[in-house]
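Computed from a prediction, not measured in an experiment: that's the story for all the values here.
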Amino acid sequence: MHRPTLGVMFLREYDPALIPSFAREVEAAGLDDLWIIEDAFYNGGLSGAAVALASTERISIGIGIQPAVVRNAAYNTMDL
């Protein structure tokens, strides 16, 4: 049986410089997931997720939203 997971999100309005310490705190608190939120004219979700992944060892990192009006496969590929 799969156990439920618990996570939090890093709001798009937060300073992206806080992602590494925030991600480590989420992991240290025993949570399972950290969601990086992206929206038009705010911080990039892919780059934020990459920073969070590099700062942690076991939690899952997700991207909360990628707005279709400003994101397409070409832009995502360039970010990656």
Side-chain angles (χ1 to χ4, degrees):
M1 184 166 152
H2 182 71
R3 78 169 181 85
T5 61
L6 184 61
V8 296
M9 69 177 170
F10 185 86
L11 295 177
R12 65 186 184 179
E13 297 89 359
Y14 292 169
D15 181 352
L18 299 174
I19 292 175
S21 60
F22 188 86
R24 286 190 291 270
E25 289 176 23
V26 168
E27 188 170 61
L31 299 173
D32 303 298
D33 306 317
L34 171 59
W35 290 86
I36 306 295
I37 304 303
E38 175 179 271
D39 202 350
F41 312 112
Y42 286 93
N43 306 311
L46 290 174
S47 56
V51 170
L53 283 167
S55 303
T56 59
E57 295 181 13
R58 65 155 195 87
I59 62 173
S60 296
I61 307 297
I63 299 171
I65 184 172
Q66 285 196 295
V69 296
V70 296
R71 283 289 190 176
N72 63 40
Y75 288 132
N76 286 338
T77 302
M78 286 189 305
D79 267 359
L80 290 171

Peer 1: Under 3.5 Å, sequence neighbours excluded: what are the donor-acceptor pairs made by side chains of residues 19-26?
Peer 2:
unit_1, atom_1, unit_2, atom_2, d
S21, OG, L18, O, 3.2

Peer 1: Just jot down the salt bridge (Lys or Arg N to Asp or Glu O under 4.0 Å) partners of R3, sequence neighbours excluded, or say none.
Peer 2: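 For R3 the salt bridge (Lys or Arg N to Asp or Glu O under 4.0 Å) partners, ignoring immediate neighbours, are D32.
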Peer 1: Sequence neighbours left out, what passes salt bridge (Lys or Arg N to Asp or Glu O under 4.0 Å) with D33? Give chain and number order.
Peer 2: none
Peer 1: From I36 CD1 over to M9 CE, what is the distance, rounded to the nearest 0.5 angstrom?
Peer 2: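 Answer rounded to 0.5 Å: 11.0 Å.
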Peer 1: For residues 54-63, which side-chain donor-acceptor pairs fall under 3.5 Å, sequence neighbours excluded?
Peer 2:
unit_1, atom_1, unit_2, atom_2, d
S55, OG, V51, O, 2.8
T56, OG1, A52, O, 3.0
R58, NH1, L31, O, 3.2
R58, NH2, E27, O, 3.3
R58, NH2, L31, O, 2.7

